[in-house]
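Taking it in order: structure first as structure tokens, then the write-up.
Only this structure's heavy atoms are used, side chains among them; waters, hydrogens and symmetry mates stay out. Below, chains carry the letters A, B, ... as their sequence lines are ordered, and counting in each starts from 1. All values derive from a computational prediction rather than experimental measurement.
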2 protein chains.
Amino acid sequence: MGIAERREREKEKRKNDIIDAAERVFFEKGHENATMDDVANEAELSKGTLYLYFKNKEDLYLAIHLRGNKILHSLFQKAVKNKKTGIEKTRSVGKAYVEFFKKYPNYFNAMLYYESHDIDFADQDSVAAECLIEGKATLELLIESIVIGIKDGSIRSNIDPVKTAISLWGQTTGILQIASLKEKIILSQYFSISAQDVIDYNFDLIYHALKS
Amino acid sequence: MGIAERREREKEKRKNDIIDAAERVFFEKGHENATMDDVANEAELSKGTLYLYFKNKEDLYLAIHLRGNKILHSLFQKAVKNKKTGIEKTRSVGKAYVEFFKKYPNYFNAMLYYESHDIDFADQDSVAAECLIEGKATLELLIESIVIGIKDGSIRSNIDPVKTAISLWGQTTGILQIASLKEKIILSQYFSISAQDVIDYNFDLIYHALKS
DNA sequence: CACAAAATATGACCAACGGTCATTAATTTT
DNA sequence: AAAATTAATGACCGTTGGTCATATTTTGTG
């Protein structure tokens, strides 16, 4: 009964090839300016075929985001491993997020799209649902770091790990969003500071809020 | 020479009427699902006329955002006035932002659009350029509160007011973005916490980071 | 008032794009 | 080899943002 499995493999491969093509197109033109015809051409498939593998344009873009989120997840895992104390782990996770932002700006944009749009999670089989699971697993690493920090005394004990993790996630995403979209006009032109300055500065603030 | 002035007034009035109509449409359907034809119908004008007053759909939506930002600005002014110490002013400004988020969810959505999209500020006469100025004036109030707090000793002196203000702005926007878009699915369903919990919690974190 | 000039407004029209579906092609099963 | 199932195609459709030649209204002039 190897046929069904082979077909499954081929289907998965084709799906991946489409995402590969979609990345080339979306990363070059951006989500708004990229068209499904572009992707079809790049993938050397007809447009209709794309819709056999992905529900719609958003679903396809979320598939790209999912790849990015998996990268981020592994960066978080590395970050947690390399440090001893909880607060160091926590800070390291934050640094990993910034590293992700700088090293994979295109994936970061896909993440921003995910974070700033009202995604439809209703369909359990959609890519969106997968993103949700992957996103939770990623956040869980941050929560765990904070828990460890409370236990080892490096983080003050009167905080709530889950709320703190969500706060940190939202905060940092917000800062990186500004850094990404408003650097030229607001930061540089109005206040003569670099995105990196604000990012670094934000870390100090957070550190100050958490340490015991 | 009253004619030119009257015409100018009438032009301004018409512009406002269009924004009024646009609010009704955009607020009901959201930015993506609202069409320029909808707005034209609601305004009882032809579509072509809309384009005499606004460059494009985004410009019209930004005009709505500008109204929202002016409301926020006045809330900030009130917030600053009512408090004595710098840290109280700063906290009060934060509370005002949350009040804005709750009381004017539609304007808040317009603000989120502005914050999460790559707006074209090139044209000096566009609504986008006005938004920039208004946004800066609003942020300035936050900066000023922090400066006062450093002077009166309620905020620790080794922070940078501008960077802090930008950080707080980005952080809070990030949190409110999550609260707004991901409440149902992530916060409630996954972690059983309310958006309000996270917002309040975030305030405590920030307070902790700033106080001397 | 009559007529020209300027300013406004109109809506038919266009191009672009996301998405669909009847048809065709390829593969597997019988 | 024929039937049945699965996969792929691309012409086509509806919607929408935006335009522009034309029409209407208002203002200026003799």
Side-chain angles (χ1 to χ4, degrees), chain A residues 1-22 25-26 28-64 113 117-120 123 126-128, chain B residues 1-22 25-26 28-64 113 117-120 123 126-128:
Chain A
M1 274 295 93
I3 282 181
E5 289 157 21
R6 197 205 68 215
R7 283 189 101 121
E8 195 54 41
R9 270 204 317 279
E10 280 176 355
K11 212 166 171 176
E12 212 53 38
K13 166 97 163 60
R14 165 89 7 136
K15 220 172 160 174
N16 260 303
D17 289 345
I18 292 175
I19 302 176
D20 286 342
V25 172
F26 280 111
E28 191 203 325
K29 301 193 168 188
H31 173 260
E32 293 218 334
N33 295 110
T35 74
M36 290 302 268
D37 284 293
D38 290 338
V39 176
N41 281 336
E42 183 70 31
E44 292 175 307
L45 289 169
S46 73
K47 183 157 64 162
T49 304
L50 299 185
Y51 286 89
L52 295 176
Y53 291 87
F54 297 93
K55 211 176 64 199
N56 51 36
K57 189 184 178 185
E58 177 167 275
D59 217 44
L60 179 51
Y61 195 50
L62 287 182
I64 294 174
Y113 176 89
H117 286 78
D118 198 352
I119 310 288
D120 175 27
D123 185 357
S126 64
V127 179
Chain B
M1 274 298 91
I3 281 183
E5 288 158 20
R6 198 206 67 215
R7 285 189 101 120
E8 194 54 41
R9 271 205 316 279
E10 279 176 356
K11 212 166 171 176
E12 211 54 40
K13 167 100 166 55
R14 168 85 10 131
K15 220 172 160 175
N16 260 303
D17 290 344
I18 292 174
I19 302 175
D20 286 341
V25 172
F26 281 112
E28 191 203 322
K29 303 193 166 186
H31 173 259
E32 292 219 336
N33 295 109
T35 73
M36 290 301 267
D37 283 295
D38 289 338
V39 176
N41 281 335
E42 183 70 33
E44 294 175 304
L45 289 170
S46 73
K47 184 158 63 162
T49 304
L50 299 186
Y51 286 88
L52 294 176
Y53 290 87
F54 297 93
K55 210 177 66 197
N56 52 34
K57 189 183 177 185
E58 177 167 276
D59 216 45
L60 179 51
Y61 195 51
L62 287 182
I64 294 174
Y113 176 89
H117 286 78
D118 198 352
I119 310 289
D120 175 28
D123 184 357
S126 65
V127 178

*asked:* For nucleotides 8-23 of chain C, give me one character per nucleotide, 5' to 3': B if any protein heavy atom sits under 4.0 Å from the base, S if the only such contacts are to the sugar-phosphate, - if neither.
replied: SBBB-----SBBB---
Distance, rounded to the nearest Å, where [X] contributes [atom1] and [N] contributes [atom2]:
{"X": "B:Arg6", "N": "C:dA7", "atom1": "CZ", "atom2": "P", "answer": "14 Å"}
{"X": "B:Glu8", "N": "D:dT26", "atom1": "CD", "atom2": "P", "answer": "18 Å"}
{"X": "A:Phe54", "N": "D:dA8", "atom1": "CZ", "atom2": "P", "answer": "13 Å"}

For [X], all residues meeting side chain to side chain contact (heavy atoms under 4.5 Å, CB included), sequence neighbours excluded:
{"X": "A:Lys29", "value": "A:Asn33, A:Ala34, A:Asp38"}
{"X": "B:Lys47", "value": "B:Met36, B:Asp37, B:Ala40, B:Tyr51"}
{"X": "A:Ser46", "value": "A:Thr49"}

*Which residue pairs satisfy the salt bridge (Lys or Arg N to Asp or Glu O under 4.0 Å) criterion with at least one member in residues 49-64 of chain B, sequence neighbours excluded?*
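Found none.
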_Pairs flagged by side-chain hydrogen bond (donor to acceptor under 3.5 Å, both in side chains) wherever residues 13-22 of chain B is involved - sequence neighbours left out_ =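 Listed by first then second residue: B:Lys13-B:Asp17, B:Asn16-B:Arg67, B:Asp20-B:Arg67.
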